[in-house]
Chemist: 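The structure's right below; bear with me while I get my questions together.
Proteins come first, then strands; the chains are lettered A, B, ... in the order of their sequence lines, and each starts at number 1. Please read all numbers here as calculations on a predicted model, not as lab measurements.
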There are 2 protein chains.
Amino acid sequence: MQLKKYTDYGLRILMYLGAKEGAQTTDKEQGQLTRIRDICDTFDLSVNHVNKVVHHLGRLNLIETRRGKNGGFLLAKAPGEIRLDFVIRQLEGDEPWIECHNPYCVALPACELNGIVARGKELFYDYLAQFTLNDLLKKQGQLLQIFSTAS
Amino acid sequence: MQLKKYTDYGLRILMYLGAKEGAQTTDKEQGQLTRIRDICDTFDLSVNHVNKVVHHLGRLNLIETRRGKNGGFLLAKAPGEIRLDFVIRQLEGDEPWIECHNPYCVALPACELNGIVARGKELFYDYLAQFTLNDLLKKQGQLLQIFSTAS
DNA sequence: ATTAAAGATGCATTATGGATGTAGGTTATG
DNA sequence: CATAACCTACATCCATAATGCATCTTTAAT
């Protein structure tokens with residue numbers, strides 16, 4: 001019962017982008033785009049894994065990816081528009097937390113458990129829905145310093 | 001992100017015991033104790049796995065186990081005393097849902113995420129705390145019939 | 001055009017941990 | 001003392017997350 005590292009990495013990537021882009025004064029006069037390598041250097045992660053997460057974030061329209069020389073990626077929305085429940089639900093996959101089939105449970109027709117757990121799961125996500133990427137950037141200055149020295 | 005089958009099996013075992021014992025008119029005049037084999041036959045599970053879950057439930061003092069001939073196990077408390085949050089927390093293990101170490105995340109000193117997820121986790125368990133084994137036995141009659149014919 | 005730098009993609013491999021299996025030990029009944 | 005139950009410690013299997021590798025496609029600079 002734990003979030004996948006895959007999901008975790010996705011959130012770190014968003015935090016990295018949010019901290020960096022929040023520090024840029026003008027939208028147009030930004031420097032180089034963030035590259036996969038930048039993320040890997042900062043967090044000491046596998047290029048291949050981050051590759052896939054970045055791609056996934058792109059498909060979710062949370063970031064915009066650009067191929068080719070001087071390519072990279074950046075947030076596709078304002079940090080306040082990126083809700084944590086959405087990110088986690090999508091990256092994690094939204095399967096039931098309890099498995100009634102596989103193997104099939106004979107009690108299923110009379111079972112109250114799956115409903116209770118499903119409601120609990122929704123409460124978890126409802127809580128996360130109160131937060132956005134902005135809430136992860138409260139200590140933006142400190143994050144920036146960490147990210148700039150970590151690579 | 002899913003409960004372990006181990007936990008699931010534990011809840012099924014408790015439901016089985018609750019349904020069966022709830023149907024027994026007098027406490028003293030009960031028949032044979034429930035055995036691991038009974039659970040396995042009913043739910044079509046592995047003896048070895050159920051073995052461990054039963055043992056765990058015993059250590060948690062949720063059931064009383066008796067060794068030797070005519071041994072077996074039974075609920076150690078009234079179903080209304082067995083809270084679902086406790087059962088799931090114990091069987092599942094109470095680790096954080098997000099991993100900040102292993103690999104260590106450089107953002108940790110300035111990260112708001114782990115706290116948010118931890119709060120969400122507690123809300124999940126708070127919700128489960130409203131329910132007991134009794135709530136899983138609403139359809140006790142139907143459960144009894146299922147269990148008696150499933151073996 | 002050519003080249004280099006970036007992400008995209010598919011497949012292979014490794015690592016982790018849950019799920020099972022095996023073997024024997026311990027306890028209680030009759 | 002034989003049997004039937006749970007107890008316990010391993011060992012092994014297996015699903016899947018995590019990671020690696022190779023190649024393709026796209027884009028910008030030269």
Chemist: In sequence, state the C-alpha distance, the side-chain angles, and the governing distance for B:Asp38 and B:Arg35, and then conclude on salt bridge (charged side-chain N to carboxylate O under 4.0 Å, His left out).
Modeler: CA-CA 5 Å; B:Asp38 299 325; B:Arg35 294 160 306 168; 3.0 Å; yes
Chemist: Quick one, A:Glu122 with A:Arg89, criterion salt bridge (charged side-chain N to carboxylate O under 4.0 Å, His left out). Give me CA distance, side-chain angles, the key distance, then yes/no.
Modeler: CA-CA 11 Å; A:Glu122 290 310 310; A:Arg89 251 204 172 97; 2.5 Å; yes
Chemist: Would you say the side chain of B:Asn51 and the base of D:dC6 hold a donor-acceptor pair, judged only by whether the two atoms sit under 3.5 Å apart?
Modeler: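 Side chain to base: no pair present.
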Chemist: Write down the distance between CD (A:Gln2) and C1' (C:dG18), rounded to a whole number of angstrom.
Modeler: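 About 13 Å, once rounded to whole Å.
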Chemist: Picking from D:dA17, D:dC10, D:dG20, which would you name as closest to the side chain of A:Lys4?
Modeler: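 Nearest to the side chain of A:Lys4 among the choices is D:dA17.
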Chemist: Please say whether the positively charged group of B:Lys121, taken as NZ for Lys or CZ for Arg, lies over the ring of B:Phe124, i.e. under 6.0 angstrom from the six-membered ring centre and within 45 degrees of the axis.
Modeler: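 The answer is no, since B:Lys121 fails at least one limit relative to B:Phe124.
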Chemist: Rounded to whole angstrom units, what separation is found between the CD atom of A:Glu99 and the C1' atom of C:dA19?
Modeler: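 These atoms are roughly 14 Å apart.
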Chemist: May I have the distance from B:Leu33 (atom CG) to D:dA4 (atom P), rounded to whole angstrom?
Modeler: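 Between P of D:dA4 and CG of B:Leu33: 16 Å.
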Chemist: Can you say whether the rings of A:Trp97 and B:Trp97 are parallel (under 30°), tilted (30 to 60°) or perpendicular (over 60°)?
Modeler: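 Ring orientation, 0 to 90° scale: perpendicular.
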Chemist: Whole Å only: how far is the CG atom of B:Asp38 from the P atom of D:dA4?
Modeler: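 Between P of D:dA4 and CG of B:Asp38: 15 Å.
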Chemist: Tell me whether the side-chain N/O atoms of B:Thr65 come closer than 4.0 Å to OP1 or OP2 in D:dA5.
Modeler: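 No, outside the criterion.
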Chemist: Exactly one of A:Leu33, A:Leu62, A:Ile36 should register a side-chain contact (heavy atoms from CB on, under 4.5 Å) with A:Phe73. Which one does?
Modeler: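 Filter result, single survivor: A:Ile36.
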Chemist: Starting from P on D:dT8, measure out to NE2 on B:His56 and report it in whole angstrom.
Modeler: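 Answer to the nearest Å: 12 Å.
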Chemist: Has B:Asn48 got a side-chain N or O lying under 4.0 Å from the OP1 or OP2 atom of C:dG21?
Modeler: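 The answer is yes; a side-chain N or O of B:Asn48 sits under 4.0 Å from OP1 or OP2.
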Chemist: Which nucleotide sits closest to the side chain of A:Lys69: D:dT19, C:dA4, C:dG7?
Modeler: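 The closest nucleotide is C:dA4.
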Chemist: How do B:Glu95 and B:Asn70 order along DNA chain C: which one's closest nucleotide is nearer the 5' end?
Modeler: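 With B:Glu95 and B:Asn70 compared, the 5'-side residue is B:Glu95.
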Chemist: Ignoring the backbone of A:Arg37, work out which of D:dC6, D:dA29, C:dA6 is nearest its side chain.
Modeler: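 Shortest atom-to-atom distance from the side chain points to C:dA6.
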Chemist: Between B:Phe43 and B:Tyr9, does the ring centroid distance fall short of 6.0 Å?
Modeler: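 No, the ring centres sit 6.0 Å or more apart.
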Chemist: Heavy-atom nearest nucleotide on DNA chain C for B:Asn102 versus A:Arg35: which residue maps closer to 5'?
Modeler: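 Going by which nucleotide is closer to the 5' end, it is A:Arg35.
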Chemist: Using whole Å, what does the distance between atom P of nucleotide C:dG18 and atom CD1 of A:Ile98 come to?
Modeler: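 For the pair A:Ile98 CD1 and C:dG18 P, the rounded distance is 16 Å.
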Chemist: Using whole Å, what does the distance between atom C1' of nucleotide C:dA8 and atom CZ of A:Arg66 come to?
Modeler: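 Value for this atom pair: 17 Å.
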Chemist: Choosing from D:dT25, C:dC11, C:dG21, which nucleotide comes nearest the side chain of A:Arg67?
Modeler: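 From the listed options, D:dT25 comes nearest.
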Chemist: Side-chain N or O of A:Tyr9 less than 4.0 angstrom from OP1 or OP2 on D:dA17?
Modeler: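 Answer no for this pair, as no side-chain N or O of A:Tyr9 is under 4.0 Å from OP1 or OP2.
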Chemist: For C:dT9, does either OP1 or OP2 sit under 4.0 Å from a side-chain N or O belonging to A:His55?
Modeler: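 Result: yes.
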Chemist: Between atom CD in A:Glu92 and atom C1' in D:dT16, what is the gap in whole Å?
Modeler: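 Going from A:Glu92 (CD) to D:dT16 (C1'), I get 13 Å.
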Chemist: Using the side-chain heavy atoms of A:Lys52, tell me which of these nucleotides is nearest: C:dT20, D:dC7, C:dC11.
Modeler: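 Nucleotide nearest to A:Lys52's side chain: C:dC11.
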Chemist: Where each residue is assigned the nucleotide of DNA chain D containing its nearest heavy atom, which of B:Pro103 and B:Phe73 is assigned the position nearer the 5′ end?
Modeler: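 This one resolves to B:Phe73.
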Chemist: Between D:dC6, C:dT20, D:dA18, spot the one nearest the side chain of A:His49, thanks.
Modeler: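 Nucleotide nearest to A:His49's side chain: D:dA18.
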Chemist: Hey, does the side chain of A:Ser46 come within less than 4.0 Å of D:dG20's phosphate (OP1/OP2), counting only N and O?
Modeler: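 Yes, because at least one side-chain N or O of A:Ser46 sits under 4.0 Å from OP1 or OP2 of D:dG20.
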